Asks: 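Can you read through this structure? Questions will come right after.
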Amino acid sequence: MKIAILGSGGREHAIAEKISKSSKLKKLYCIPGNAGTSHIAENINLEITDFDAIYKFVENYKIDLVIVGPEKPLVDGVVDFLEKKNIKVFGPNKKVAQLEGSKIFTKQICKKFNIPTAKFGIFETASQAVDFLKKTKMPLVVKADGLAAGKGVYICEDIKEAIKAVEEIFNGKFGETKNVLIEEFLKGDEMSFFVICDGKNFQKFQTAQDHKRVFEGDVGKNTGGMGAYAPVSIATSELMAEVSSKIIQPTLRALAEDESPFQGLLYAGLIKTESGLQVIEFNCRFGDPETQVVLPLMQDSLLELIATVAEGGRLQPGVASARPDAAVTTVVASGGYPSSYEKRKEITVPKQLESENCIVFHAGTTRREGQLLTSGGRVLAVTALAPSISEAAKASADAA
Ligand code: AMP
Ligand code: GLY
């Protein structure tokens, strides 16, 4: 098969790396990819927002299947656009991608189908939201409805912070908005749970947890994720069964009933509280950097599963097999990330770092005239595999 992957992050490098080993693969392209993907695929320098240009490329190069990495093109309807032109694409359509594109859409599904999630309120004006805040105990969580690149969630310890969050959201910090979501603060262990779905059946992947705060010791600003590990110790087989029956199955049923079955990768962000499992969010694509630990552990063919879904086939329900090891990835970021940072700094990645049990995934990198340069906040993700989390964590941190 000739495959094109849309995106340029560590997640896309990890997907490319996994797919590059498939016997089904004839040729791999990354649009636009990064310096890391250029070793295993041909990078094509197109904007992922330019759907027409992507279509022309896919037509001219006779691509069999397009895999969409990031959420933005999914929420903007790239799947609908390409499918209308008879191109096979892996990812949910625009309507279904609202699961990630609108937190309020997700909350309403959870409420209607009894899927456990934090108690919430939706407010149409800042003054309604502030009146509610004045009557409510802190901490709580204020959220912008739409995509906000991981920045639209405010965990508020006091009313001053909460009012500031409401004002920022209504003042358009994350684009024009009609409402704000205010949620109960949940306490517990988090995990990211991935399932690949064909609209009806699904297969589960290994569980993972990412490290959100920028600094060690869980301090500093929230980021897209500074590292991740898999598997998660709280994810016992009982808990996995509970996730399937209480969260994944009802969510898939809810979407199917609404004539919008989920085809693609469903990512459930979960928290295990004293009163049970709750959904924090749904995403409609692989997590970054969780993918950099989940896929290196996976033993089954990812391309086989993806192609089955994109071609309208049926998955065998169950668990994608994984080697019985642990994986930890450490993100190497530009100074200043997640706020402002410099780009175009020359870096080197020593070849001897890489081995069967250590993979350096590129994220914000580019190559210019033979030089390896930084091009983003998260630059590399260094993944180590070992028999235990602590050994993998040490190997990953030493290599990073
Ligand atoms: P999200 O952008 O929805 O992934 O939220 C970012 C992060 O904020 C999550 O990974 C959680 O760590 C935290 N978070 C979101 N909602 C809540 C909540 N209701 N209670 C506690 N933490 C939350
Ligand atoms: N690591 C969080 C995400 O991919 O949304």
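Keep in mind that this is a model prediction, so the values were computed, not measured. Order of listing sets the numbers, starting from 1, for every ligand and every atom in it.
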Asks: Just jot down the ligand 1 atoms closer than 4.0 angstrom to any heavy atom of E183, in number order.
Replies: 16 (N), 18 (C), 19 (N)

Asks: Would you check whether D288 has a nitrogen or oxygen atom less than 3.5 angstrom from a nitrogen or oxygen atom of ligand 2?
Replies: yes

Asks: Check step by step if salt bridge (Lys or Arg N to Asp or Glu O under 4.0 Å) holds for E190 and K212.
Replies: CA-CA 11 Å; E190 284 185 44; K212 280 268 187 296; 5.3 Å; no

Asks: List the atom of D158, the atom of E161, and the distance in Å for their closest heavy-atom pair.
Replies: OD1-N, 2.9 Å

Asks: Quick test: of every protein heavy atom, which one is nearest to atom 12 (O) of ligand 1, and how far off is it to 0.1 Å?
Replies: E190 OE2, 2.5 Å

Asks: Cation over ring, K27 on Y29, under 6.0 Å and within 45°?
Replies: yes

Asks: Any atom of ligand 2 sitting under 4.0 Å from a heavy atom of Y267?
Replies: yes

Asks: Could you establish whether R285 and ligand 2 come within less than 4.0 Å of each other, counting only heavy atoms on the residue side?
Replies: yes

Asks: May I ask you to identify, for I155, whether its side chain, its backbone, both or neither come under 4.0 Å of ligand 1 on a heavy-atom basis?
Replies: side chain

Asks: By number and element, which atoms of ligand 1 are closer than 4.0 Å to a non-hydrogen atom of F185?
Replies: 20 (N), 21 (C)

Asks: Mark yes when over 12 heavy atoms from residues, nucleotides or ligands other than Q299 sit less than 6.0 Å from its CD; otherwise mark no.
Replies: yes

Asks: Please write down residue, atom name and distance for the protein heavy atom closest to atom 1 (P) of ligand 1.
Replies: E281 OE1, 3.4 Å

Asks: Could you tell me which non-hydrogen atom of E184 sits nearest to which non-hydrogen atom of K119, and how far apart they are?
Replies: OE1-N, 2.8 Å

Asks: Hey, is ligand 2 close enough to K212 that some N/O pair sits below 3.5 Å?
Replies: no

Asks: Indicate the ring-plane relationship of Y267 and F194, choosing parallel, tilted or perpendicular according to the 30° and 60° boundaries.
Replies: tilted

Asks: Salt bridge check, E168 against K164: does any charged N sit closer than 4.0 Å to a carboxylate O?
Replies: yes

Asks: Check ligand 2 against G224 and write out every atom of the ligand that is under 4.0 Å from a heavy-atom position of the residue.
Replies: 1 (N), 2 (C)

Asks: If the cut-off is 4.0 Å to any non-hydrogen atom of N283, which atoms of ligand 2 fall inside it?
Replies: 5 (O)

Asks: For atom 18 (C) of ligand 1, what is the closest protein heavy atom, and at what distance to 0.1 Å?
Replies: V141 CG2, 3.6 Å

Asks: Based purely on interatomic distance, does K143 place a nitrogen or oxygen under 3.5 Å from a nitrogen or oxygen of ligand 1?
Replies: yes

Asks: Numbering the atoms of ligand 2 from 1, which are under 4.0 Å from a heavy atom of E290?
Replies: 1 (N), 2 (C), 4 (O)

Asks: Side chains of N43 and T37: is there a donor and an acceptor less than 3.5 Å apart?
Replies: yes

Asks: Counting non-hydrogen protein atoms only, what is the nearest one to atom 1 (N) of ligand 2? Give residue, atom name and distance.
Replies: D210 OD2, 2.7 Å

Asks: Output the list of atoms in ligand 1 that are nearer than 4.0 Å to some heavy atom of I280, sorted by atom number.
Replies: 15 (C), 16 (N)

Asks: Taking non-hydrogen atoms only, is K103 closer than 4.0 angstrom to ligand 1 via side chain, backbone, both or neither?
Replies: side chain

Asks: Which residue supplies the protein heavy atom nearest to atom 7 (C) of ligand 1, what is that atom called, and how far is it?
Replies: K212 CE, 3.9 Å

Asks: Students should be able to answer this: which protein heavy-atom is nearest to atom 8 (O) of ligand 1, and at what distance?
Replies: V153 CG1, 3.6 Å

Asks: In plain terms, say whether K26 and D64 are close enough for a salt bridge, that is, a side-chain N and a carboxylate O under 4.0 Å apart.
Replies: no

Asks: What atoms of ligand 2 come within less than 4.0 Å of a heavy atom belonging to G287?
Replies: 4 (O)

Asks: Considering only NZ, NE, NH1 and NH2 on the basic side and carboxylate oxygens on the acidic side, decide whether R314 and D198 come within less than 4.0 Å.
Replies: yes

Asks: Looking only at heavy atoms of E184, does any of them come nearer than 4.0 Å to an atom of ligand 1?
Replies: yes

Asks: Does NZ or CZ of K85 fall inside the cone over F81's six-membered ring, less than 6.0 Å from its centre and within 45° of the axis?
Replies: yes

Asks: Should the pair R323-D325 be classified as a salt bridge under the 4.0 Å nitrogen-to-oxygen rule?
Replies: yes

Asks: Backbone, side chain, both or neither: what part of L186 comes under 4.0 angstrom of ligand 1, heavy atoms only?
Replies: both

Asks: Salt-bridge test for D398 and K394: reply yes if a basic N is under 4.0 Å from a carboxylate O, no otherwise.
Replies: yes

